[in-house]
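In this text the structure is predicted, and so the values were computed from the model without any measurement.
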Amino acid sequence: MRCGIGYDVHKLAENRALILGGVQIPYEKGLLGHSDADVLAHAIMDALAGAAGLGDIGLLFPDTDPQYAGISSLKLLQEVRRMLESKGYAIGNIDAVVIAQQPKLRPYIGQMEETLAKTLGIGMPQINVKATTEEGLGFTGSGEGISAQAVCLLESKE
């Protein structure tokens, strides 16, 4: 068994869609980034890649590479899944948290979990997503950005 941890953060900006866990969330701002800036998917990818010894998403999908401009993070997550499978790993479980003052994310958590589980080819009991605020503190609390953290457990198929 191997475990991994991931973290990502993006700034909120006008004229961008807010995508979290592959789900578009209605909000006046979205996350700024080279791809769709899905901090939840990015944190999960980093946790999975780290657990498998693959480095991180900056190494795997550099933001200097034009082929990743505007790409759906779910496509990148599918590629990480393929890499894990080729190394003989299966996902045991993923636990993640999104840190955002606004918008309230509780109504979208189930859809995020379902989308992520489907993308990764795992069952719903293997993924857990939570959301929290920082009570107005820090860059997430002031509404400047959104961050996410994830941990995972990988099991060897052999």
Side-chain angles (χ1 to χ4, degrees), residues 1-10 12 16-27 29-31 33-61 68 70-135 137-138 140-141 145-158:
M1 286 196 264
R2 295 176 62 106
C3 64
I5 185 168
Y7 174 80
D8 195 42
V9 60
H10 283 276
L12 282 162
R16 292 278 298 192
L18 179 58
I19 311 290
L20 295 170
V23 176
Q24 187 162 339
I25 311 293
Y27 193 57
K29 294 180 180 177
L31 294 169
H34 186 65
S35 65
D36 64 6
D38 183 337
V39 294
L40 177 55
H42 292 185
I44 290 170
M45 282 188 276
D46 263 352
L48 294 169
L54 297 171
D56 61 26
I57 62 172
L59 177 67
L60 299 174
F61 314 109
Y68 302 122
I71 195 168
S72 166
S73 293
L74 294 182
K75 289 184 180 180
L76 302 178
L77 190 58
Q78 286 174 329
E79 181 60 18
V80 170
R81 172 187 173 186
R82 187 198 62 72
M83 291 176 194
L84 294 176
E85 290 171 351
S86 74
K87 289 193 73 149
Y89 290 115
I91 297 169
N93 75 299
I94 297 167
D95 190 29
V97 61
V98 179
I99 302 107
Q101 197 66 34
Q102 289 292 329
K104 295 297 182 193
L105 299 174
R106 168 73 0 240
Y108 307 99
I109 297 290
Q111 189 179 356
M112 288 181 214
E113 290 173 338
E114 186 176 330
T115 300
L116 292 165
K118 182 179 176 185
T119 301
L120 290 167
I122 61 175
M124 290 286 288
Q126 292 172 273
I127 189 156
N128 186 66
V129 174
K130 304 173 292 288
T132 190
T133 70
E134 289 194 302
E135 304 297 327
L137 299 173
T140 57
I146 294 178
S147 66
Q149 299 176 18
V151 294
C152 73
L153 179 69
L154 296 183
E155 300 167 339
S156 177
K157 291 184 188 179
E158 289 132 36

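Separating the CG atom in Leu84 from the SG atom in Cys152 is a distance of 8.0 Å, to the nearest 0.5 Å. Atoms OH and CG, from Tyr108 and Leu18 in turn, are 9.5 Å apart once rounded to the nearest 0.5 Å. Note: Asp46 CG to Gln149 CD = 12.0 Å, rounded to the nearest 0.5 Å. If you take CG on Leu116 and CD1 on Ile44, they are separated by 4.5 Å, rounding to the nearest 0.5 Å. Glu134 contributes atom CD, which lies 6.0 Å from atom CD1 of Ile99 (distance to the nearest 0.5 angstrom).
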>> As a quick check of understanding, evaluate side-chain contact (heavy atoms from CB on, under 4.5 Å) for Leu120 and Leu48, giving each step before the final call.
In response: CA-CA 11 Å; Leu120 290 167; Leu48 294 169; 4.0 Å; yes
>> Run Leu76 and Ile57 through side-chain contact (heavy atoms from CB on, under 4.5 Å) and show every step you take.
In response: CA-CA 9 Å; Leu76 302 178; Ile57 62 172; over 6 Å; no
>> Using side-chain contact (heavy atoms from CB on, under 4.5 Å), reason through Thr132 and Lys130 one step at a time and then give a plain yes or no.
In response: CA-CA 7 Å; Thr132 190; Lys130 304 173 292 288; over 6 Å; no
> side-chain contact (heavy atoms from CB on, under 4.5 Å) between Leu20 and Val23: does it pass, once the steps are laid out?
Replying inline: CA-CA 5 Å; Leu20 295 170; Val23 176; 5.9 Å; no
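The shortest non-hydrogen separation linking Phe61 to Met45 is CE1-SD, 4.2 Å. The shortest heavy-atom contact between Pro103 and Ile25 is CG-CG2, 3.9 Å. The two residues Gln102 and Ile146 make their nearest non-hydrogen contact at O-CD1, 4.3 Å. The minimum heavy-atom distance between Leu105 and Ala100, with the atom names listed, is CD1-CB, 4.4 Å. When every heavy atom of Arg16 is checked against every heavy atom of Ser35, the shortest pair comes out as NH2-O, 3.0 Å. Across Ala148 and Val39, no two heavy atoms sit closer than the pair CB-O, 3.5 Å.
Put simply, the side chain of Arg2 gets close to the backbone of Ala51: a donor and an acceptor are under 3.5 Å apart. In this structure, the side chain of Asp36 engages the main chain of Ser73 through a donor-acceptor pair within 3.5 Å. For Gln101 (side chain) and Thr140 (main-chain N/O), no donor-acceptor pair under 3.5 Å exists by modelled atom type. The main-chain N or O of Gly123 is found under 3.5 Å from a side-chain atom of Gln126 such that the two form a donor-acceptor pair. Remark: side-chain polar atoms of Asp38 are paired, donor with acceptor, to backbone N or O of Gly22 under 3.5 angstrom.
Between Glu114 and Lys118 there is no salt bridge, since none of the side-chain N atoms of the basic residue sits less than 4.0 Å from a carboxylate O of the acidic one. The pair Arg82-Glu79 counts as a salt bridge, with a side-chain nitrogen and a carboxylate oxygen less than 4.0 angstrom apart.
Between Leu154 and Ile91, some side-chain heavy-atom pair lies under the 4.5 Å cut-off. In this structure, Thr119 and Arg81 have side chains that are not in contact, with every pair of non-hydrogen atoms separated by 4.5 Å or more. You'll find the side chain of Leu60 reaches within 4.5 Å of the side chain of Met83, heavy atoms only. Contact check for Glu113 versus Asn128: side-chain heavy atoms found under the 4.5 Å cut-off. Contact annotation: the side chain of Val98 never approaches that of Ile109 to less than 4.5 Å [non-hydrogen atoms, C-beta and beyond]. Contact check for Leu31 versus Leu12: side-chain heavy atoms found under the 4.5 Å cut-off.
For NZ of Lys87, the number of neighbouring non-hydrogen atoms (other residues, nucleotides, ligands) closer than 6.0 Å is greater than 12.
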